[in-house]
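This report concerns only the one structure given below.
Quantities reported herein were computed from a predicted structural model and do not represent experimental measurements.
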Amino acid sequence: MEKNLICVACPRGCNITVTLDSNNNVVDVTGNSCKRGDAYARAEVTHPERSLTSTVRVTGGTAYVVPCKTSSAIPKELLFDAMKEINAASVASPVHIGDVIIKDLLGTGIDVVATNEVV
């Protein structure tokens, strides 16, 4: 089986073809211009992950929400559950860049951190 991807590891946007065996193991990666493309393609077809950015409600501050992001990428299949947890969260002002808003999101070991200040 083959899967075709457009690589996002660098600005080139290579058209990559990943060949998988019957057990969905990567057999070959072609079309990439750099090593990052090979690594991206292998990860994307076996265990896709995404960084998640959003906002969290703030109480008692100069703004109603604070932008936030996951401290690293989370498994793609957890995105909707992660957004439910983020949407249910709120934090009291003041909030500083890097503050942990949600610790260990969905048991992944990955935190949701503030990316701006709200006083």
Side-chain angles (χ1 to χ4, degrees):
M1 175 195 337
E2 288 186 349
K3 292 197 176 197
N4 297 307
L5 308 169
I6 295 176
C7 184
V8 297
C10 79
R12 289 185 181 167
C14 298
N15 289 307
I16 296 179
T17 301
V18 181
T19 306
L20 304 166
D21 65 16
S22 59
N23 295 321
N24 284 333
N25 295 314
V26 176
V27 176
D28 192 29
V29 176
T30 59
N32 55 301
S33 298
C34 64
K35 291 180 184 179
R36 291 187 299 172
D38 182 82
Y40 165 78
R42 289 175 187 275
E44 185 63 16
V45 298
T46 59
H47 186 67
E49 294 181 323
R50 298 291 185 270
S51 293
L52 180 60
T53 60
S54 188
T55 57
V56 171
R57 281 188 297 270
V58 175
T59 58
T62 56
Y64 296 110
V65 294
V66 64
C68 60
K69 67 176 186 126
T70 52
S71 57
S72 62
I74 63 172
K76 186 177 175 182
E77 66 269 10
L78 296 179
L79 289 176
F80 287 106
D81 290 335
M83 281 307 305
K84 286 178 187 174
E85 190 166 330
I86 290 169
N87 287 337
S90 68
V91 64
S93 177
V95 182
H96 304 286
I97 294 173
D99 283 357
V100 175
I101 305 293
I102 300 172
K103 182 142 185 78
D104 191 21
L105 179 67
L106 300 174
T108 60
I110 297 166
D111 299 332
V112 175
V113 296
T115 59
N116 205 346
E117 309 257 334
V118 176
V119 292

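- Of all the heavy atoms in Pro75 and His47, the pair that sits closest is CG-NE2, 4.0 Å.
- Side-chain atoms of Ser71 come within 3.5 Å of backbone atoms of Asp111 as a donor-acceptor pair (strictly under, hydrogens ignored).
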Take Asn24 and Met1 through the side-chain contact (heavy atoms from CB on, under 4.5 Å) test and state the conclusion after the steps. CA-CA 8 Å; Asn24 284 333; Met1 175 195 337; 3.7 Å; yes

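- For the pair Asn23 (side chain) and Asn25 (backbone), a donor-acceptor distance under 3.5 Å is absent.
- How far NZ of Lys69 is from OG1 of Thr55: 15.5 Å, rounded to the nearest 0.5 Å.
- Put simply, the side chain of Asn15 never gets that close to the backbone of Ile6: no donor and acceptor are under 3.5 Å apart.
- Taking every heavy atom of both residues into account, Tyr40 and Ala9 meet most closely at CB-CB, 4.0 Å.
- Between Cys14 and Gly31, the shortest heavy-atom distance links the atoms CB-O, 3.4 Å.
- Separating the CG atom in Asn32 from the CD1 atom in Ile16 is a distance of 5.0 Å, to the nearest 0.5 Å.
- A 4.5 Å side-chain heavy-atom check between Glu117 and Pro94 finds every atom pair outside the cut-off.
- Taking each heavy atom of Asn116 and Pro67 in turn, the nearest pair found is CB-CG, 3.6 Å.
- Clustering of Ile, Leu, Val, Met, Phe, Trp and Tyr side chains at separations under 4.5 Å leaves Val119 isolated, with no partner residue.
- Annotation for Ser93 and Gly60: closest pair CB-O, 3.5 Å, computed over non-hydrogen atoms.
- Note on Arg50 versus Glu44: salt bridge recorded, some NZ/NE/NH1/NH2 to OD/OE distance being below 4.0 Å.
- Side-chain contacts under 4.5 Å among hydrophobic residues (ILVMFWY), followed directly or transitively, place Ile74 together with Leu52, Val56, Val58, Val66, Leu78, Leu79, Met83, Ile86, Val91, Val95, Ile101, Ile102, Leu105, Leu106, Ile110, Val112, Val118.
- Side chains of Val26 and Leu20 form a contact here, defined as non-hydrogen atoms less than 4.5 Å apart.
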